[in-house]
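A short write-up of the structure that comes next.
Being a predicted model, the structure only gives us computed values, none of them experimental. Values reported hereafter were calculated over all heavy atoms of this structure, with side chains retained and with hydrogens, waters and symmetry mates removed.
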Amino acid sequence: QVQLVESGGGLVQAGGSLRLSCAASGRTFSNYAMAWFRQAPGKEREFVASISWSGDSTYYTDSVKGRFTISRDTAKNTVYLQMNSLKPEDTAVYYCAARSGSHYYTGTGEYAYWGQGTQVTVSS
């Protein structure tokens, strides 16, 4: 089992920045690819970004490329999502997820472990 706890969400104006954190515990963190998903009201949960178990490869959905950066600190068992140039359409609950194997999967069913989510609200 892997337990994931997100933090760092909040209210920010358009154009601002936030950094989300996801602390992992349980099984060896470095064995898992990690990802961030988000879910806006009335919409399905969607993939945002992922990072390989080694941290040397990342993958992003097109709408956040150049604005968001995913990273991981194995020593701290933590994955981050740095979000810059935020837009109102980025408003959602953001979830951290983990899977063994490749990080190139974007479907929610591909990830076995999930956090409880953290709310991000971007005002216009």
Checklist entry - Under 4.5 Å between any side-chain heavy atoms of I70 and Y80, yes or no? => result no
Checklist entry - Does L81 reach the side chain of T69, with side-chain heavy atoms less than 4.5 Å apart? => result no
Item to check | Side chain to side chain, M34 and R72, heavy atoms closer than 4.5 Å | outcome: yes
Checklist entry - Which pair of non-hydrogen atoms, one from A24 and one from V2, has the smallest distance, and what is that distance? => result CB-CG1, 4.5 Å
Checklist entry - Between E6 (side chain) and C96 (backbone), is there a donor-acceptor pair under 3.5 Å? => result yes
Next on the checklist: Suppose we screen for side chain to side chain contact (heavy atoms under 4.5 Å, CB included). Which residues come up paired with A112, at least two apart in sequence or across chains?
Outcome noted: none
Item to check | Residues S52 and S54: side-chain donor-acceptor under 3.5 angstrom | outcome: yes
Checklist entry - Does a side-chain heavy-atom distance below 4.5 Å link I51 with H103? => result no
Next on the checklist: With a 4.5 Å cut-off on side-chain heavy-atom distances among I, L, V, M, F, W and Y, is there a chain of contacts connecting W53 to Y59?
Outcome noted: no
Checklist entry - Would you say the ring centroid of Y60 lies under 6.0 angstrom from that of F47? => result no
Item to check | Aromatic W114 / basic R45 pairing, under 6.0 angstrom, 45° off normal | outcome: yes
Checklist entry - Where is the tightest heavy-atom contact between A23 and T78, given as atom of each residue plus distance? => result CA-OG1, 4.2 Å
Next on the checklist: Applying side chain to side chain contact (heavy atoms under 4.5 Å, CB included) to R99 and Y32, what does each step give before you reach the verdict?
Outcome noted: CA-CA 5 Å; R99 72 181 309 275; Y32 291 87; 5.6 Å; no
Checklist entry - Between K43 and R38, is any pair of side-chain heavy atoms under 4.5 Å apart? => result no
Item to check | Heavy atoms of other groups near Q116 CD, more than 12 under 6.0 Å | outcome: yes
Item to check | Polar side-chain atom of T28 near backbone of S30 as donor-acceptor pair, under 3.5 Å | outcome: no
Item to check | Verdict with reasoning, L20 to M83, per side chain to side chain contact (heavy atoms under 4.5 Å, CB included) | outcome: CA-CA 8 Å; L20 305 183; M83 305 185 295; 3.7 Å; yes
Checklist entry - Side chains of F68 and T58: closer than 4.5 Å at any heavy-atom pair? => result no
Checklist entry - Out of Y94, Y95, Y111, which residue meets the ring-ring contact (aromatic ring centres under 6.0 Å, His included) rule with F37? => result Y111
Item to check | Validation row: T121, V12 side chains within 4.5 angstrom (heavy atoms) | outcome: no
Checklist entry - Between the side chains of S17 and N84, does any donor sit under 3.5 Å from an acceptor? => result yes
Checklist entry - What distance do S63 atom OG and K87 atom NZ have between them, rounded to the nearest 0.5 Å? => result 8.0 Å
Checklist entry - Between atom OG of S25 and atom CD of Q3, what is the distance when rounded to the nearest 0.5 Å? => result 4.0 Å
Item to check | Side-chain heavy-atom pair T91, V120 within 4.5 angstrom cut-off | outcome: no
Next on the checklist: Using the rule that Ile, Leu, Val, Met, Phe, Trp and Tyr join whenever any side-chain heavy atoms are under 4.5 Å apart, tell me whether Y113 and F29 fall into a single cluster.
Outcome noted: yes
Item to check | Residue pair A40 / A92: nearest heavy atoms and the distance that separates them | outcome: N-CB, 3.8 Å
Checklist entry - Who are the salt bridge (charged side-chain N to carboxylate O under 4.0 Å, His left out) partners of D62, not counting sequence neighbours? => result K65
Checklist entry - Distance-only, no hydrogens or angles: does the Q39 side chain make a donor-acceptor pair with backbone N or O of V93 under 3.5 Å? => result no
Item to check | Smallest separation among heavy atoms of G101 and A33, with atom names | outcome: O-CB, 3.5 Å
